[in-house]
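Okay, structure first, notes after.
Atom set for the values below is all heavy atoms of this structure, side chains included, hydrogens, waters and symmetry mates excluded. Letters A, B, ... are given to chains in the order of the sequence lines, protein chains preceding strands, and every chain is numbered from 1.
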Amino acid sequence: MQLDHSKIERKWQEYWKEKGLFRTADKPKRKFYNLVMFAYPSGDIHMGHCKNYVIGDVYARYLMRKGYNVLHPFGWDAFGLPAENQAIKMGVHPETWTLDNIRTSDESLKLLGISYDWDREIITCLPDYYKWTQWMFLLLYERRLAYKKEAYVNWCPGCQTVLANEQVIDGICYRSNCRAFIEKRKLNQWFFRITEYADRLIEGLDRLDHWSENVKTMQRNWIGKSVGCNIVFTVLDHDIRLEVFTTRPDTIYGVTFMSIAPEHPAVDALIKGTSFEPAVRRYVKDAMKRTERERVEKTKDGVDTGCYAVNPINGDKVPIFVADYVLPEYGSGVVMGVPAHDGRDFQFAGQYGLPIRVVINPPGAQLDAGSMNEAYEEPGVMVDSGQFSGLDSVSGAEAVTRQLAERGLGGPSVNYRLKDWLISRQRYWGAPIPIIYCENCGMVPVPAADLPVLLPENITDFVPKGRSPLAAVDSFINTVCPNCGEKAKRDPDTMDTFVCSSWYFMRYLDPHNDREFCAREKADQWLPIDQYIGGGSEHATGHLIYFRFFTKVLHDAGYLSLDEPAVDLFNLGMVLKNGEVMSKSKGNAVPVRNFIDKHGADVARLTILFAAPPEREMEWSDEGVTGAERFVQRMYRLVSENQCVINGERPDQISGENEDLYIKINQTIAKVTGDLESFKYNTAIAALWELMNALYGTRERDSVFGYGIYTMIHMLSPFAPHLADELWSMVGGKGSLVEQPWLEYDKRYAESKIKTIVVQVNGRVRSHIEISGSLAEEEVKKLALEDERLRRYLEGKVVRKTVYVRDKIFNLVVE
RNA sequence: GCCGAGAUGGCGGAACUGGGAGACGCGGCGGACUCAAAAUCCGCAGUGCUGAAAGGCGCGUGGGGGUUCAACUCCCCCUCUCGGCACCA
């Protein structure tokens, strides 16, 4: 009796669809927003992608059966470079390629039986979606959170576009097919002022109790808040003020030089016309050529400007250097050099023979500048610091800051590592930036009524040339000014795809609305996301910050009442094969369709679920498939051979042989239910397997046995829904188990009647006592002392102490 | 360097709040069925020593210490693996 998986899978998928079981009603009573991170459509999906979808689906199906009104949507993050690169390589239009991929992948997801509400599918590259992405841009523009500025930005020579900070990894382009070294270029680009939300993005993390510490810590580090002080140094014989940011104003007396970034605008004025000019210019030119990576790896060097800065606290005159270890975009691009108490300054001073002046001593010790071989960076006691000497460095820092503020030479300041989000891209396949440049009126936002600014389709040359391909499309670029009606030009750039994904979770709530991105009423009904199931921590410092930022902006603008999008975040581990992340480009992908043709969707699902706990990485192995396949066949056989004893009634007379089985059944329901709620799907399946083994081992095929199979069928439904529904109909069930409430267990039989007390001597297991009911310590002790097996351990020994954990363990401590 | 996660049989992995380590599966071995094989079913199994056998005695959760009647679990030190950040003043 073999199971024809393709037949039953098709049958039940059709039934679910016809009955609209996964279409979400719009007036949710017990709502649950279960969101799986949407995906980039890069060809057909493979088993590596499926893990996310299957895990999200198990949870969704369980919640539906628990009576929740579950919103479980899916969509596609469809803009982006791969489509465009494909267009260049194969001559296909990016839209064609993308939509083809989506069609194929949708079919595969349907073959897997994922319970998405397909009516809500969103595709970010379609005008009815990106219209609202553009609307979001305008909202940020209006609120002065989108702005254009000339700045040194990350330029990827491979992709021929600028990138956000978050997209540069170790000085290299984040795209796995590119990996080019990033260059710095000074360009005029659009930014989102995410730094304005830096503090709130940090504070909000404290309210996200259900997010993993891991992701929260990564976000805190990424935002990188530093509390310190600004200090103004004047330059001798120049009308220049150099402002520095430091977290250690307590080391101000230890300043023996200043370093200024090569990009700093003051460099020019410092050296103009002096004998130092040629050397400095040469240094600056070389520095600008270096990538960030090269700068980090080379030794700390610099060049003297011949100028001197004046220490505002003690009037010391110190030389000013240009040095490329100073980051132009952090703080003010100038640092005060304190070699005794900063590792980098120590190295730099060593290189140029600059004096080292100790101004902080470790508690109870004294440093000697001459014998130091590294900087002392810890807090301590201030010395050689004028009126501040003797203060501990923490309160000293405050005192110095206070005095600077009083004299108008500085004051408290906060700096962030986080930088504003650069969102312009010089590429075609993205949402056009809705801005028009008019000779009379300047920069003019496209009026909301004119949205969307459509991406022109009549374009064939996608080869990047350092500017957006849209710049060459006259019909797109040339327009009229919405203000004055004169000829004007559109912005040729498109937006970073991460803008599209920053708000997608709201579009699902109202996907067909053509007047708003989402009706307020629906947002209020459905948000927040109750469970966000994400594809790993690679999004921690990108998407997962951006979508929080957008939520806060929309909150402030009055469109949302909440300001954190997701209550609970679950990070899944990736799927590996042969030790590497499964992906098409690595050639180790297991295609979904082939797999389903051969083994079926339920086997695919069980293989993924059983192999490892969801949060952990899993190594794909064909052996796991064997197990899942065997499970399905055994289950099918169990039901088909015993159909007559299964009636779904909970037996009320439990006695005799099958009482233990009945207890096992109830324990399994409790275990599986608990595991479903905490994403422990591997152990849930193990529990089902145990119950199946128990059923196979049962001789008396009575009503308890029948009920055991019945509950197995029920509990199988989130994991292997097609098989479960088929078995359900075989035993006379109506419709799908999705329509049935989840099982409750019989509390009277949740515990074994017979318990085993483990008897230990000095912590080693030496015997067991079987009991029914419960025993007091005295009784156990009596039984233990009479126990034959214990005699040899107790003979000639004195019982010094006993420990009893009721009905569980009894330990005799003897000597 | 900093932050985070992890290390358990041949393999994937289990173990509640400190209470019988190794559930469940894969692979392996033995048996049944079969002319035979596959499939299926039943059984065995961490490891060393000992015993004809039932069994007995040790050792065992990356390494070393500690707390405890009792430690995979708690504390201290160390090693390795993975992920993130990294000249952030």
Applying a 4.0 Å non-hydrogen cut-off, can you work out what A/Asn214 is touching in the nucleic acid: base, sugar-phosphate, or nothing? sugar-phosphate

A/Lys801 side-chain proximity, nearest of B/A15, B/C69, B/A89: B/C69

When we call it a touch if two heavy atoms are under 4.0 Å apart, what does A/Val326 touch: a base, just sugar-phosphate, or nothing? base

Answer yes or no for A/Lys598 and A/Phe595: cation-pi contact, defined as NZ/CZ to six-membered ring centre under 6.0 Å and angle to ring axis within 45°. no

Electrostatic pair A/Glu788:A/Arg791 at N-O distance under 4.0 angstrom: yes

Output a table of donor-acceptor pairs, distance under 3.5 Å, between side-chain atoms of residues 411-422 of chain A and any protein atom two or more places apart or on a different chain; print 'none' if there are none.
residue	atom	partner	partner atom	Å
A/Ser413	OG	A/Asn230	ND2	3.4
A/Asn415	OD1	A/Gly331	N	3.4
A/Tyr416	OH	A/Asp199	OD1	3.1
A/Tyr416	OH	A/Asp199	OD2	2.6
A/Arg417	NE	A/Trp222	O	3.1
A/Lys419	NZ	A/Glu329	OE2	3.3
A/Asp420	OD1	A/Ile194	N	3.2
A/Asp420	OD1	A/Thr195	N	3.0
A/Asp420	OD1	A/Thr195	OG1	2.6
A/Asp420	OD2	A/Tyr147	OH	2.5
A/Trp421	NE1	A/Asp496	OD2	3.1

With a 4.5 Å cut-off on side-chain heavy atoms, are A/Lys300 and A/Gln351 touching? no

I'd like the P distance from B/C2 over to B/A23, given in whole Å. 40 Å

Identify whether any heavy atom of A/Asn693 sits under 4.0 Å from a base atom; if not, whether one sits that close to sugar-phosphate; answer base, sugar-phosphate or nothing. sugar-phosphate

To the nearest Å, give me how far apart CZ (A/Arg630) and C1' (B/A39) are. 9 Å

Nearest to the side chain of A/Thr626, heavy atoms from C-beta on, is which of B/A70, B/C26, B/A14? B/C26

Classify A/Thr247 by what it touches in the nucleic acid, base, sugar-phosphate, or nothing, heavy-atom distance under 4.0 Å. sugar-phosphate

Which part of the nucleic acid does A/Gly627 contact within heavy-atom distance under 4.0 Å: base, sugar-phosphate only, or nothing? sugar-phosphate

Distance between C1' atoms of B/G19 and B/C24 (Å, rounded): 22 Å

Only stems of 3 or more consecutive Watson-Crick or G-U pairs count here, both distances under 3.5 Å; name the ones for RNA chain B, or none. B:1-7 with B:79-85, B:10-12 with B:24-26, B:28-32 with B:40-44, B:46-50 with B:55-59, B:62-66 with B:74-78

Considering only heavy atoms from C-beta outward, does the side chain of A/Glu615 approach that of A/Phe570 to under 4.5 Å? yes

I want to check something: taking the side chain as every heavy atom from C-beta on, are A/Tyr681 and A/Pro718 in contact at a cut-off of under 4.5 Å? no

Spacing of A/Glu641 atom CD relative to B/U40 atom C1', expressed in whole Å: 10 Å

Atom NZ of A/Lys300 and atom P of B/A89 are separated, to the nearest Å, by 14 Å

So what does A/Ser259 hit on the nucleic acid, given a heavy-atom distance under 4.0 Å: a base, only sugar-phosphate, or nothing? nothing

Can you find a donor-acceptor N/O pair under 3.5 angstrom joining the side chain of A/Asn221 to the base of B/C85? no

